[in-house]
Amino acid sequence: QVQLVESGGGSVQAGGSLRLSCGASGATLSIYCVGWFRQAPGKERERVATINTGGGESYYADSVKGRFTMSRDNAKNTLYLQMNSLKPEDTAMYYCAAQTRFLGGRACYSGSPGAFSYWGQGTQVTVSS
């Protein structure tokens with residue numbers, strides 16, 4: 001089992017920055033794919049960024065490329081999402097998600113929320129114009 005806890009959300013004006021954190025505990029060595037999703041009201045949950053912890057391959061949604069950067073601190077079992085140049089359309093609940101070794105490859109490849117078994121509780125990001 002893996003437990004994920006997000007923090008760092010808040011309210012900012014357009015053009016501002018936030019850094020989200022996702023702390024992992026439990027069977028962290030089994031994590032193979034980890035990343036960030038977001039869900040705005042009335043919309044489907046979408047992948048923002050993921051990383052394959054085995055090969056290091058990362059994915060960013062086109063809408064956040066060049067503005068968001070994901071990083072890891074393995075010693076702290078923490079995943080970060082640095083969000084710069086925020087836009088009102090970035091407003092959403094942001095979730096950390098992980099999948100373990102056996103299914104992790106498919107999770108990272110597909111990016112489908114249904115392919116991830118472990119989720120945090122979410123942290124709200126609100127960007128005002």
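Along the sequence shown, residues are numbered consecutively beginning with 1.
- The backbone N or O of Gly8 sits nowhere less than 3.5 Å from a side-chain atom of Tyr94 that would complete a donor-acceptor pair.
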Step by step, work out the side chain to side chain contact (heavy atoms under 4.5 Å, CB included) result for Leu86 and Phe68. CA-CA 9 Å; Leu86 282 161; Phe68 291 11; 3.8 Å; yes

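- Minimum heavy-atom separation, Leu20 to Gly9: CD2-N, 3.6 Å.
- Under the salt bridge (Lys or Arg N to Asp or Glu O under 4.0 Å) criterion, the residue pairs touching residues 28-39 are Arg38-Glu46, Arg38-Asp90, with sequence neighbours excluded.
- Considering CZ of Phe37 and OG of Ser112, their distance stands at 7.5 Å, rounded to 0.5 Å.
- Between the CG atom in Asn84 and the CZ atom in Arg67 there is a gap of 9.0 Å [rounded to 0.5 Å].
- Between Thr126 atom OG1 and Met93 atom CE the span is 8.5 Å, to the nearest 0.5 Å.
- Lys87 NZ to Ser85 OG: the interatomic distance, rounded to the nearest 0.5 Å, is 8.0 Å.
- Under the 4.5 Å side-chain contact rule for hydrophobic residues, Val12 and Val64 share a cluster.
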How far apart are the C-alpha atoms of Asn52 and Tyr32, what are their side-chain angles, what is the distance that settles it, and do they pass the side chain to side chain contact (heavy atoms under 4.5 Å, CB included) test? CA-CA 6 Å; Asn52 176 320; Tyr32 192 82; 3.3 Å; yes

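- Residues Val34 and Tyr118 form no side-chain contact, since every pair of their non-hydrogen atoms from C-beta on lies 4.5 Å or further apart.
- Counting all heavy atoms, side chain and backbone alike, Arg72 lies closest to Leu79 at CG-CD1, 3.4 Å.
- Side chain of Thr53 to backbone of Ile31: a donor-acceptor contact under 3.5 angstrom is found.
- Considering OG of Ser129 and CD of Glu89, their distance stands at 10.0 Å, rounded to 0.5 Å.
- Looking at heavy atoms from C-beta onward, Thr91 lies in side-chain contact with Gln124 at the 4.5 angstrom threshold.
- Here the shortest heavy-atom pairing between Cys33 and Thr50 reads SG-CB, 4.3 Å.
- The two residues Ala49 and Tyr60 come nearest to each other via the heavy atoms CB-CD2, 3.7 Å.
- Residue Leu103 qualifies as enclosed at atom CG: its count of foreign heavy atoms under 6.0 Å is above 12.
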Could you go through Leu4 and Tyr95, starting from their C-alpha distance and side-chain angles, then the distance that decides it, and tell me whether this counts as side chain to side chain contact (heavy atoms under 4.5 Å, CB included)? CA-CA 9 Å; Leu4 304 171; Tyr95 297 91; over 6 Å; no

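- Within the 3.5 Å criterion, the main-chain N or O of Glu6 finds a donor-acceptor partner in the side chain of Gln121.
- Rounding to the nearest 0.5 Å gives a distance of 5.0 Å between CE of Met70 and CD1 of Ile51.
- Minimum heavy-atom separation, Ala115 to Ala107: O-CB, 3.6 Å.
- Proximity of a side-chain donor or acceptor of Thr123 to a complementary backbone N or O of Ser7 within less than 3.5 Å is not detected.
- For the residue pair Gln99 / Ser117, a side-chain donor-acceptor distance below 3.5 Å is found, with atom types taken as modelled.
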Show your working on side chain to side chain contact (heavy atoms under 4.5 Å, CB included) between Cys96 and Trp36 and close with a plain yes or no. CA-CA 5 Å; Cys96 180; Trp36 295 93; 4.1 Å; yes

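- Hydrophobic cluster membership differs between Trp119 and Tyr80, with clusters built from Ile, Leu, Val, Met, Phe, Trp and Tyr side chains linked at under 4.5 angstrom.
- Judged by distance alone, with hydrogens and angles left aside, the side-chain atoms of Arg45 form no donor-acceptor pair with the main-chain N or O of Gly114 at under 3.5 Å.
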